[in-house]
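Since the structure comes first, as structure tokens, the remarks are kept for the end.
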2 protein chains.
Amino acid sequence: MAGAPYLGEMTVTNSKLDKAVEASLEAAGQRYTRARRAVVGTLAGADGPLSAGELHARMSGSVPLSSVYRTVGVLEEVGILVPHFGVKGLTRYELAEWISGHHHHLVCVECGNVDDVGIPADLEATIREVVGAIAARASFDPVGHVLEIEGRCSRCS
Amino acid sequence: MAGAPYLGEMTVTNSKLDKAVEASLEAAGQRYTRARRAVVGTLAGADGPLSAGELHARMSGSVPLSSVYRTVGVLEEVGILVPHFGVKGLTRYELAEWISGHHHHLVCVECGNVDDVGIPADLEATIREVVGAIAARASFDPVGHVLEIEGRCSRCS
DNA sequence: CCATGAATAGTAACAGTTCTCATTATCGTT
DNA sequence: AACGATAATGAGAACTGTTACTATTCATGG
């Protein structure tokens with residue numbers, strides 16, 4: 001779980017990840033199969049969102065591409081994965097925040113890579129306040145927020 | 001310009017929009033043609049980012065789809081448009097912030113619509129502080145930020 | 001008004017994603 | 001443990017948003 005650094009707010013530990021996922025799938029009448037375990041495990045070991053193609057590659061082709069697509073689809077429906085739409089129409093997935101912990105993204109404008117970053121509770125509280133204030137003005141009922149920081153990563157600057 | 005409500009920070013007024021765009025194109029040795037005027041005008045009148053297909057439709061097919069793609073491409077290169085990557089691999093474009101003013105997005109999780117929202121300077125300053133603090137911890141050199149508020153819009157709640 | 005080069009329109013090619021369906025694996029029952 | 005019912009998989013075809021190509025049209029400078 002390289003997910004979010006700086007956190008004490010990790011919601012589900014790695015050893016319990018399987019249990020949590022299995023429970024979610026079971027609640028939806030779905031099975032926790034080999035392909036699904038592989039996808040979840042790969043995402044748990046990643047340090048940012050991955051696309052279907054990237055997942056396929058990281059699993060060295062052990063799960064066919066079409067199955068990866070189907071798998072991320074059901075995992076998303078069940079609430080285990082969350083899609084993240086990136087450059088050039090690439091859809092990347094990552095573990096939902098109730099599993100991986102709430103975090104934000106550092107998007108490198110040079111190399112396009114996306115890294116997760118967890119932030120301290122006080123900064124997070126500030127963001128939540130701002131989001132609430134904005135939403136209230138727009139008669140918008142907020143359920144979440146995404147903060148992406150664009151810039152140059154340490155490798156590119 | 002339905003772009004960003006609540007702002008006093010509008011950078012370029014509607015009447016001067018053409019001048020600004022023309023100058024940018026000229027500086028890059030590009031012409032401000034009919035198709036390009038149509039795309040800029042349509043985006044200026046929109047209340048959120050539009051995809052190539054949506055632009056094509058809003059201009060009632062007066063500009064062929066392939067031309068829309070080419071046009072948004074050059075307008076992006078010249079710095080007039082900014083891409084916004086959304087659901088299902090759709091790339092939507094909107095006027096760059098130096099033209100439309102800095103703003104954020106209200107993303108409706110029900111209908112998928114994206115609306116622009118401008119925010120007061122004090123809230124914006126708060127966000128910038130938070131972004132700076134996060135980036136500093138991650139040795140990341142920030143050049144911008146995107147805050148998306150997810151929730152239910154007034155029509156869907 | 002003509003010549004030169006840019007911009008366009010239409011079509012073909014592409015890549016990521018979704019769909020289809022025959023095959024295989026899984027679970028509950030006997 | 002074997003069976004039957006049902007879900008999940010694998011391989012490829014099909015679909016959709018996007019890009020590339022090329023002949024034609026348009027705009028600008030001489």
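Every chain is numbered from 1, with letters handed out A, B, ... down the list of sequences.
- Between the A:His104 side chain and the A:Leu147 main chain, a donor and an acceptor come within less than 3.5 Å of each other.
- A straight line from OH of A:Tyr69 to P of C:dT18 spans 7 Å, rounded to a whole angstrom.
- On a pure distance criterion of 3.5 Å, a polar donor-acceptor pair joins the side chain of B:Arg70 and the base of C:dA9.
- Rounded to an integer number of Å, the gap from CZ of B:Phe85 to P of D:dG17 is 16 Å.
- Counting only heavy atoms from C-beta on, B:Ser66 has its side chain closest to C:dG10 among C:dG10, D:dT6, C:dG16.
- Between the side chain of A:His56 and the backbone N or O of A:Pro64 there is no donor-acceptor pair closer than 3.5 Å.
- Annotation: of the two residues near DNA chain D, B:Tyr93 and B:Thr33, the 5′-most nearest-nucleotide partner is B:Tyr93.
- Heavy atoms of B:Thr91 sit under 4.0 angstrom from primed sugar atoms or phosphate atoms, though from no base atom.
- Regarding A:Tyr32, its OH atom lies at a distance of 17 Å from the C1' atom of D:dA7, rounded to whole Å.
- Residue-level contact check: A:Ser67 touches the bases, meaning some heavy atom is under 4.0 Å from a base atom.
- One atom, CZ of B:Arg36, and another, P of D:dC26, lie 16 Å apart when rounded to the nearest Å.
- Which of C:dA25, C:dA9, C:dG16 sits closest to the side chain of A:Arg34 comes down to C:dA25.
- B:Leu65 places its CG atom 11 Å from the P atom of C:dA9, with the value rounded to the nearest Å.
- In the set C:dG5, C:dT17, D:dT9, C:dG5 carries the atom at the smallest distance from any side-chain atom of B:Arg31.
- In terms of modelled atom types and a separation under 3.5 Å, the side chain of A:Arg36 and the main chain of A:Arg31 share a donor-acceptor contact.
- Between the NE2 atom of A:His56 and the C1' atom of D:dT9 there is a distance of 14 Å, given to the nearest Å.
- A heavy-atom distance below 4.5 Å is found between the side chains of B:Ile134 and B:Val130.
- Comparing D:dT18, C:dT26, C:dT8 by their closest approach to the side chain of B:Ala35 singles out C:dT8.
- Atom CZ of A:Arg34 has 12 or fewer heavy atoms from other residues, nucleotides or ligands within 6.0 Å.
- Look at A:Gln30 and you'll find a side-chain N or O under 4.0 angstrom from OP1 or OP2 of D:dA8.
- The A:Leu90 side chain lies nearest to C:dT17 when the options are D:dT19, C:dA7, C:dT17.
- Atom CD of B:Glu26 and atom C1' of C:dA6 are 15 Å apart (whole Å).
- One can place NE2 of A:His84 at 17 Å from C1' of C:dG16, the figure rounded to the nearest angstrom.
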